[in-house]
Asks: 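Before I ask anything, let me first share the structure, which is written out below as structure tokens.
Atoms considered below: every heavy atom in the structure, side chains included; atoms not considered: hydrogens, waters and symmetry mates.
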Amino acid sequence: MTKHLPDRTVFRADFTASLVVFLVAVPLCVGVAVASGVPAELGLITGIVGGLITGLLPGSSLQVSGPAAGLTVLVYEAVDEYGLGTLGVLVLAAGALQLAMGLLRLGRWFRAISVAVVQGMLAGIGLVLIAGQLYALADAPAPGSGLGKLGRLPGLVTDVAGSTDALQAVGVGAGTVLVLVLWPLWRRGARLLPAPLAAVALATAATALLDLPVARVEVQGLVDAVRPPNGGDLARLAEFGVLGTVLAFALIASAESLFSAAAVDRLHDGPRTDYDKELIAQGTGNAVCGVLGALPMTAVIVRSAANVQAGARTKTSRVLHGAWLLVFAVLFPSALGVIPVSALAGVLIHAGWKLLPVRELAPLWREHRGEAVVLAVTAGAIVVTNMFEGVLIGLLMAVAKSAWETSHVHVEVTGLDDPAEQGRGDLARDAGDDAGPGTGTGADGVIRVRVLGNATFLRLPKLLDVLEALPRERSVELDLSGLRHVDHACAMALAIWAERHNAVVDPVRTAAAPSGP
């Protein structure tokens, strides 16, 4: 544990780790900003705030915050629809919402979100991110929608094949992806230099040496990139679409940050995350980013894992990484202008691929098929619609799946003594969810049906199928006393069925009223 180590040893470990995280963060901050359709410096500003502001606050001691690939698609859509000036308002409002949720101690409730929905969200983001960055890989403009990006890919291939400049840009990007995949296999090199930095550095060097005609990152001054929101921007918060985007920013950033915290806690044996305090820290950071007009932030698992693996012991490492980003952005801004856009696209394509649960999908389908369906539907909905609507659809699917799985009903039928009728009863039970044996003989000629479990409207069609298959010339006594739960729709439908059935059998006889639970 950290408290057993000398202070000098702890600081040395944190100092070294901060340099590693800084080297990982630079290409990611710039790449996320470019992919989001905003100036590269805004990504660095968010990284700086994530280190110097969020890094100082309590919550999770070792995870690192900054602009994340998971929000790239949503930010791009927001900037395209509302303009760059509104971005600060969106991020500021999302940060305030996160602060409120943290103060209300709602952080722990994010752990109740279905893992399948989160994986589906990340998979959908990954698919749209990869599709969009394939265009950046070829220095070509990308369509706005997820379906548009996918549908235009055959045309992109044709365009690239007929353009020497586009082929060269694709070569730079593909080489970047190749380095990202192979670099970690060289353990000595990986210890000296993080893969993203090595890949971007090699791509930049190759582009400069060969004088390739590929697009470079456009650079502004750090101060010039700051865009505080004005009164007109704040007034747009009254728009329904803007409020929906704010809610999407807050919920997705919070969920991604807290799931990242849970993952980082499994990587070290230090203090565990306080989810409410971490939500407050993320909200504070996003509020500051919003005031500066920068990108929204989340805790980023790539940087956080690099921080832990580099030997970080305390939050000092993440604060120092923010300081290094600030020094770099102030003293060496022109260094960004030599980076090929296609190289950053390669970094983000690799990051998008890592968001896809490729290895987990087959085991999930075998063991929890319903969860796999929720994952696939969430991812597909994000590609077809947008981030906010896709996540809502995924959440609704998860709730519906849980309701379906918990509404198990067991039907016991007795009194079917005639062989022909017994066969009809077996057929009826086959239509039900879980029907018991139709044993016993009703001395008074009444068929007794007992329903047990949880009866909701989801199971009502099958319950009625069981009842409709019973002999129509025999009276039925319906017993609902074994139900742990029965909703109003189910209770009314079953009572009406019993009354009508018995009224037809014997109009003179008083219909048998079902027993209450």
Side-chain angles (χ1 to χ4, degrees), residues 25 29-30 32-33 35-57 59 64-104 106-107 220 222-258 277-300 322 325-326 329 387-388:
C29 287
V30 176
V32 169
S36 301
V38 303
E41 291 80 7
L42 294 185
L44 289 173
I45 290 173
T46 299
I48 292 167
V49 173
L52 297 182
I53 305 297
T54 305
L56 281 172
L57 299 175
V64 184
S65 300
L71 284 171
T72 300
V73 177
L74 189 58
V75 172
Y76 183 90
E77 292 175 352
V79 171
D80 183 60
E81 184 170 356
Y82 304 117
L84 183 58
T86 310
L87 179 62
V89 172
L90 297 173
V91 179
L92 175 60
L97 184 56
Q98 285 181 298
L99 273 168
M101 290 189 293
L103 292 172
L104 293 173
L106 299 179
Q220 301 178 17
L222 192 65
V223 176
D224 296 334
V226 174
R227 302 169 184 266
N230 55 39
D233 297 327
L234 291 170
R236 302 204 65 176
L237 286 174
E239 298 179 22
F240 179 77
V242 171
L243 288 176
T245 304
V246 168
L247 184 62
F249 273 5
L251 293 181
I252 294 171
S254 300
E256 189 170 340
S257 296
L258 298 182
K277 290 181 179 179
E278 179 62 20
L279 197 53
I280 292 172
Q282 294 294 326
T284 303
N286 271 318
V288 174
C289 288
V291 170
L292 299 175
L295 289 171
M297 76 163 58
T298 70
V300 186
L325 284 174
L326 178 60
M387 177 74 65
F388 183 57

Asks: To check you understand the geometry: which heavy-atom pair defines the closest contact between M101 and S254, and what is its length?
Replies: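 Scanning both residues completely, I find the closest heavy atoms to be CE-OG, 3.7 Å.
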
Asks: Once you round to the nearest 0.5 Å, how far does CG of L57 lie from CD1 of I280?
Replies: 9.0 Å

Asks: Taking all non-hydrogen atoms of both residues into account, name the closest pair between Y76 and A35 and its distance.
Replies: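 Between these two residues, the closest heavy atoms are CD1-O, 3.5 Å.
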
Asks: Compare every heavy atom of I45 with every heavy atom of V226, then report the nearest pair and how far apart it is.
Replies: CG2-CD1, 3.8 Å

Asks: Which heavy atom of L42 sits nearest to which heavy atom of V38, and what is that distance?
Replies: CD1-CB, 3.8 Å

Asks: The criterion is salt bridge (charged side-chain N to carboxylate O under 4.0 Å, His left out); which residues satisfy it with E81, sequence neighbours excluded?
Replies: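 None.
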
Asks: Among T46, L90, L92, L71, which one satisfies side chain to side chain contact (heavy atoms under 4.5 Å, CB included) with P296?
Replies: L71

Asks: Would you compute the distance between atom CG of L103 and atom CD of Q98 and round it to the nearest 0.5 angstrom?
Replies: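 Spacing of CG (L103) from CD (Q98) equals 11.5 Å.
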
Asks: The criterion is side chain to side chain donor-acceptor pair (under 3.5 Å); which residues satisfy it with S65, sequence neighbours excluded?
Replies: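 Result, side chain to side chain donor-acceptor pair (under 3.5 Å) vs S65: Q282.
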
Asks: In the structure I gave you, are the side-chain heavy atoms of I53 and C289 within less than 4.5 Å of one another anywhere?
Replies: no

Asks: Quick one: closest heavy-atom pair of T54 and A281, and the distance?
Replies: OG1-O, 3.5 Å

Asks: L237: which residues meet the side-chain contact (heavy atoms from CB on, under 4.5 Å) condition with it, sequence neighbours left out?
Replies: V89, A93, V242, V246

Asks: Find the distance between CD1 (I48) and CD (E41) and round it off to the nearest 0.5 Å.
Replies: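 Answer for the CD1-CD pair, I48 versus E41, is 10.0 Å.
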
Asks: On a heavy-atom basis, which atom in E239 and which in Y82 lie closest, and how many Å separate them?
Replies: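 It is OE1-CE2, 4.3 Å.
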
Asks: Testing V49, V79, V75, V91 one by one against L295 for a side chain to side chain contact (heavy atoms under 4.5 Å, CB included), which residue passes?
Replies: V75

